[in-house]
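What follows is a short report on a single structure.
If you're wondering where the values come from, they're calculated on a predicted model, not measured in any experiment. Throughout, residue positions are numbered sequentially from 1 according to the sequence presented.
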Amino acid sequence: MADADAYGCAGVGYGAQAIDQPPLILGPGQLASRDIEGSDLAWQLFAGLRLHRHMAIEAGYVDLGSVKQVVPGFNDLGQFAQLTESVATTAVEATLVGIWPLSRDFELFGKVGLVAWDAERGLDGAITGEPDGEDLAYGLGVAYRGTGRLRFRVQGMQYDLDGFDESIAVTAAVYYALPFGR
């Protein structure tokens, strides 16, 4: 089995996001939470280049899904109402991967890199903001290399997005490797 590979990958799984917001003041000593949190389907596409038995680089796209939460607020008429606030987040990432072979077929890996992300925030279906930024991403996973060129992996990633309290993705992926350097 060659240590050097170029590979392409597609994965699907679980994405979770949370944003703590200042509470809505209803009156003296009366506060209503406006926090947004939830989970949705996450998916990713990426390509990688394994440079060495213990190191690779990867670049890809991840969709963390869309979360919706009913929060208290004031409608267009200034009346107190229950409003649906939503956040949908996507990102492009570049990571360095450290690889620890466990056996011929299994290996653990850790990833760290940068992510350029975009989010779309909405309130009752109207877009209220489109924050974006560049932040840190890191994660851990396990890969199964025993089927030749078609391989499998499970990974968990944490995205430290500015303004988010949590942004994670846990995905299972299939990837196709093209060995070289034999």
Side-chain angles (χ1 to χ4, degrees), residues 9-48 58-97 108-143 152-175:
C9 187
V12 66
Y14 167 86
Q17 300 177 73
I19 300 172
D20 288 342
Q21 302 186 96
L24 182 64
I25 300 171
L26 301 174
Q30 294 180 326
L31 303 175
S33 173
R34 295 180 50 240
D35 296 345
I36 304 167
E37 62 181 50
S39 61
D40 195 13
L41 180 72
W43 61 272
Q44 67 184 80
L45 296 172
F46 62 90
E58 294 179 353
Y61 176 84
V62 62
D63 185 325
L64 295 169
S66 178
V67 296
K68 294 180 182 176
Q69 184 84 33
V70 175
V71 297
F74 295 97
N75 63 19
D76 295 339
L77 302 173
Q79 300 167 328
F80 180 76
Q82 296 294 324
L83 308 172
T84 302
E85 193 159 2
S86 62
V87 178
T89 309
T90 59
V92 175
E93 62 186 18
T95 55
L96 179 63
V97 184
L108 295 175
F109 60 90
K111 297 172 67 170
V112 65
L114 297 174
V115 61
W117 59 275
D118 292 305
E120 184 176 280
R121 294 191 65 171
L123 190 60
D124 279 349
I127 296 174
T128 58
E130 296 180 312
D132 60 11
E134 295 81 31
D135 291 296
L136 181 66
Y138 51 91
L140 296 170
V142 62
F152 305 94
R153 73 192 292 181
V154 175
Q155 72 178 23
M157 291 292 292
Q158 172 74 41
Y159 300 95
D160 284 342
L161 308 182
D162 187 36
F164 286 71
D165 293 297
E166 178 180 76
S167 195
I168 63 169
V170 177
T171 56
V174 174
Y175 67 108

Shortest non-hydrogen separation from [X] to [Y] and the atoms involved:
| X | Y | value |
| --- | --- | --- |
| Tyr14 | Ser39 | CE1-CB, 3.2 Å |
| Gly110 | Leu140 | CA-CD2, 4.0 Å |
| Glu58 | Gly48 | CG-CA, 3.9 Å |
| Tyr159 | Ala137 | CD2-CB, 3.6 Å |
| Val115 | Ala91 | CG2-CB, 3.1 Å |
| Ala169 | Ala42 | CB-CB, 4.4 Å |

Check your understanding: Would you say Asp124's side chain and Leu83's backbone share a donor-acceptor pair under 3.5 angstrom?
Key ->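 Side chain of Asp124 to backbone of Leu83, a donor-acceptor pair under 3.5 Å: no, none is there.
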Point to revise | Check: Glu37 side chain, Asp165 main-chain N or O, donor-acceptor pair, under 3.5 Å | key: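 Here the side-chain-to-backbone pair does not exist.
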Any side-chain heavy-atom pair of [X] and [Y] under 4.5 Å:
| X | Y | result |
| --- | --- | --- |
| Val87 | Phe164 | yes |
| Tyr138 | Asp160 | yes |
| Glu120 | Ile127 | yes |
| Val12 | Leu41 | yes |

Interatomic distance, [X] atom [atom1] to [Y] atom [atom2] [nearest 0.5 angstrom]:
| X | Y | atom1 | atom2 | value |
| --- | --- | --- | --- | --- |
| Gln17 | Thr89 | CD | OG1 | 3.5 Å |
| Thr95 | Leu136 | OG1 | CG | 11.0 Å |
| Ser86 | Asp40 | OG | CG | 11.0 Å |
| Ser167 | Ile19 | OG | CD1 | 8.5 Å |
| Thr171 | Arg153 | OG1 | CZ | 8.0 Å |

Exercise for review: Could you please spell out the steps behind the side-chain contact (heavy atoms from CB on, under 4.5 Å) verdict for Lys111 and Glu93?
Suggested key: CA-CA 11 Å; Lys111 297 172 67 170; Glu93 62 186 18; 4.0 Å; yes
Point to revise | Residues that Asp118 engages under side chain to side chain contact (heavy atoms under 4.5 Å, CB included), provided they are two or more places apart | key: Thr90, Asp132
Check your understanding: Among Lys68, Arg121, Gln69, which one satisfies side chain to side chain donor-acceptor pair (under 3.5 Å) with Glu85?
Key ->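 Looking at Lys68, Arg121, Gln69, the match for Glu85 under the side chain to side chain donor-acceptor pair (under 3.5 Å) is Arg121.
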Check your understanding: When you look at Val62 and Trp117, which way does the side-chain contact (heavy atoms from CB on, under 4.5 Å) test go after all the steps?
Key -> CA-CA 9 Å; Val62 62; Trp117 59 275; over 6 Å; no
Point to revise | More than 12 heavy atoms of other groups within 6.0 Å of Gln21 CD | key: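 Yes, enclosed.
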Check your understanding: Is it true that atom CD of Glu166 has more than 12 heavy atoms of other residues, nucleotides or ligands lying nearer than 6.0 Å?
Key -> yes
Point to revise | Partner set under side-chain hydrogen bond (donor to acceptor under 3.5 Å, both in side chains) for Gln82, not counting sequence neighbours | key: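 side-chain hydrogen bond (donor to acceptor under 3.5 Å, both in side chains) check on Gln82 returns nothing, list empty.
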